[in-house]
Amino acid sequence: MNSKIFFWSITAALAGFLFGFDTVVISGADKKLQLLWNSSDAFHGSVVMAMALWGTVVGALLGAIPTDRLGRKQTLIWIGLFYLISALGSALANDPYTFAVFRFLGGLGVGASTIAAPAYVSEIAPAKDRGRLVALYQFNIVLGILIAFLSNYLLNDIGENAWRWMLGVEAFPALIYTLMLFTVPRSPRWLVSKGRIEEAKSIVHSIAPDEDSDDIITRLKLDNSSHAVKEHIFMKRYRFPLMLAFLMAFFNQFSGINAFLYYAPRIFEEAGLGESTALLSSIGIGVTNLVFTLLGVFLIDRYGRKVLMYMGSIGYIISLSLVSMAFFLNWEGLAVPIFLFIFIASHAVGQGAVIWVFISEIFPNHLRANGQAFGSSTHWILAAIIPSTIPVLFATIGAGIVFLVFAIMMVFQLLFVIFLMPETKGVSLEHLSSKLSHHDN
């Protein structure tokens with residue numbers, strides 16, 4: 001693999017590290033902030049804790065605009081600055097409203113990064129390596145989650161202002177990431193779409209010095225000219241990739257992954273375990289997630305996206321069914337944690353490794369950001385809605401039925417993989433665009 005491409009890809013993918021870190025770091029400050037500001041449960045949950053999540057939804061909905069107009073690189077630089085300002089502002093805030101504003105800003109960065117970072121990496125990566133290079137984004141997400149858990153653990157006992165350090169420490173990786181972005185080139189596919197041909201040609205030559213850059217640029221121009229008419233992702237010819245993006249994001253959240261990550265201690269307590277499982281449900285989950293995401297990154301270009309989705313779907317069905325049975329039959333001990341660790345492993349090697357790769361591949365160059373915004377928005381809206389219903393559902397219908405519903409949804413995901421999901425491994429983005437877009441003749 002071209003070492004330049006790997007460096008540029010890992011630099012862009014570090015947006016995922018800040019995504020994972022920013023999302024989880026608030027858990028360490030949760031109870032401290034509620035005591036500090038004497039907030040009610042409703043205010044604390046909906047304003048202090050959830051504001052970053054709603055920022056993520058807005059960032060996902062609107063992130064395609066700067067990604068298309070300013071370019072992938074410039075948008076990533078702004079995302080880095082949002083993370084930096086959010087970290088410093090949250091750490092220095094003295095009231096819940098100011099705190100919520102800065103957390104919302106970080107959420108905007110998270111949402112927009114799920115569009116700009118995978119789009120950038122998919123557009124500079126050679127087809128044979130594209131899967132693992134884009135999957136570096138997901139790997140960095142789970143690495144950020146693990147480092148946030150560890151950071152919170154290490155900073156927890158440094159005094160009454162520990163929460164400020166927990167949140168503020170994110171400024172260091174955010175600054176490094178932002179500065180590193182100035183060393184990466186713009187996406188040549190984006191440059192061609194904007195008519196900046198000579199600039200694109202020099203970057204293509206740097207990416208693929210052994211190939212004919214004029215020939216590559218000609219092919220990109222042809223692909224771009226074939227879509228010269230003003231288009232949008234909701235046109236009839238793009239119904240199939242649009243459906244693929246929706247179903248991939250839909251099933252990702254209806255596995256129950258975010259519901260579990262947000263409420264792991266509550267789930268363990270429902271299963272009859274005490275508070276001593278807190279460390280198990282944070283650092284242990286983080287390590288499992290990291291190891292199996294790394295396995296997914298290793299396998300995605302060797303065996304393809306569909307094979308990983310088969311593995312993940314079957315693992316989901318088995319583990320979620322066992323969790324459901326454990327609640328129905330009142331199994332004691334470590335049964336539920338073990339089954340949930342299998343669930344996390346199944347997610348990491350399947351949906352976790354595949355989702356951002358797949359959605360970044362299935363739309364044509366000129367609509368990639370908009371297509372990803374649609375898939376990402378579907379993901380984040382469901383990620384906001386589903387976890388918010390878990391406490392009520394557990395109290396009314398019970399955890400056993402909730403996990404049974406998730407298991408049934410994963411049977412439908414398996415059917416989606418078998419009958420609808422195309423394999424995108426090793427295929428050029430332009431060929432995929434032609435294959436998946438239905439043109440009216």
Side-chain angles (χ1 to χ4, degrees), residues 6-28 52 56 76 79-80 83-84 86-87 106-107 109-114 116-118 120-121 125 129 131-155 166-181 184 252 257-258 260-262 264 279-301 308 312 341 343-357 360 379 383:
F6 181 77
F7 175 76
W8 296 336
S9 299
I10 198 71
T11 298
L14 285 173
F17 177 89
L18 293 164
F19 164 174
F21 193 99
D22 189 84
T23 301
V24 166
V25 73
I26 187 70
S27 65
T56 300
L76 288 170
I79 287 168
Y83 280 130
L84 177 62
S86 173
V110 170
S113 78
T114 60
Y120 177 82
V121 178
D129 298 316
R132 54 182 162 160
L133 289 175
V134 179
L136 287 172
Y137 178 74
Q138 177 67 19
F139 174 77
N140 273 282
I141 292 172
V142 298
L143 179 62
I145 289 171
L146 177 59
I147 297 301
F149 280 137
L150 288 170
S151 174
N152 285 350
Y153 177 74
L154 294 172
L155 293 171
M166 288 177 183
L167 293 156
V169 75
E170 185 185 348
F172 294 106
L175 178 61
I176 294 168
Y177 166 68
T178 305
L179 293 175
M180 285 176 67
L181 284 169
V184 308
N252 182 286
I257 181 63
N258 273 14
F260 168 62
L261 289 177
Y262 292 172
L279 189 60
L280 179 72
S281 67
S282 56
I283 296 175
I285 288 167
V287 171
T288 304
N289 208 355
L290 185 72
V291 169
F292 282 88
T293 298
L294 190 58
L295 178 63
V297 172
F298 178 76
L299 296 177
I300 194 166
D301 280 325
L308 294 191
F341 271 58
F343 167 76
I344 285 290
S346 302
H347 173 81
V349 80
Q351 268 275 11
V354 172
I355 181 172
W356 304 119
V357 175
S360 74
H379 172 279

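As a basis for the values below, the full set of heavy atoms in this structure was taken, side chains included, without hydrogen atoms, waters or symmetry mates. Quick caveat: nothing in here was measured; it's all calculated off a predicted structure.
When the side-chain hydrogen bond (donor to acceptor under 3.5 Å, both in side chains) test is applied to S113, the partners found at least two apart in sequence or on another chain are Y137. For T288, the side-chain contact (heavy atoms from CB on, under 4.5 Å) partners are F292, F341, I344, A345, not counting sequence neighbours. A search for side-chain hydrogen bond (donor to acceptor under 3.5 Å, both in side chains) contacts involving T114 returns S376, not counting sequence neighbours. Applying the side-chain contact (heavy atoms from CB on, under 4.5 Å) criterion to A116, with sequence neighbours excluded, gives T67, T75, L76, I79. Checked against side-chain contact (heavy atoms from CB on, under 4.5 Å), L154 has no partners two or more places apart in sequence or in another chain. In this structure, Y83 has no side-chain hydrogen bond (donor to acceptor under 3.5 Å, both in side chains) partners at least two apart in sequence or on a different chain. Legend: residues meeting ring pair (Phe, Tyr, Trp, His ring centres under 6.0 Å) with F19, ordered by chain and number and at least two apart, are W380. Every residue two or more places apart in sequence or in another chain that forms a side-chain contact (heavy atoms from CB on, under 4.5 Å) with L294 is listed here: F139. For H379, the ring pair (Phe, Tyr, Trp, His ring centres under 6.0 Å) test picks out W356, with sequence neighbours left out. Applying the side-chain hydrogen bond (donor to acceptor under 3.5 Å, both in side chains) criterion to Q351, with sequence neighbours excluded, gives N252, Q413.
Screening residues 7-23 for salt bridge (Lys or Arg N to Asp or Glu O under 4.0 Å), with sequence neighbours left out, gives D22-R103.
L146 is listed as a side-chain neighbour of V287, based on a closest heavy-atom distance under 4.5 Å.
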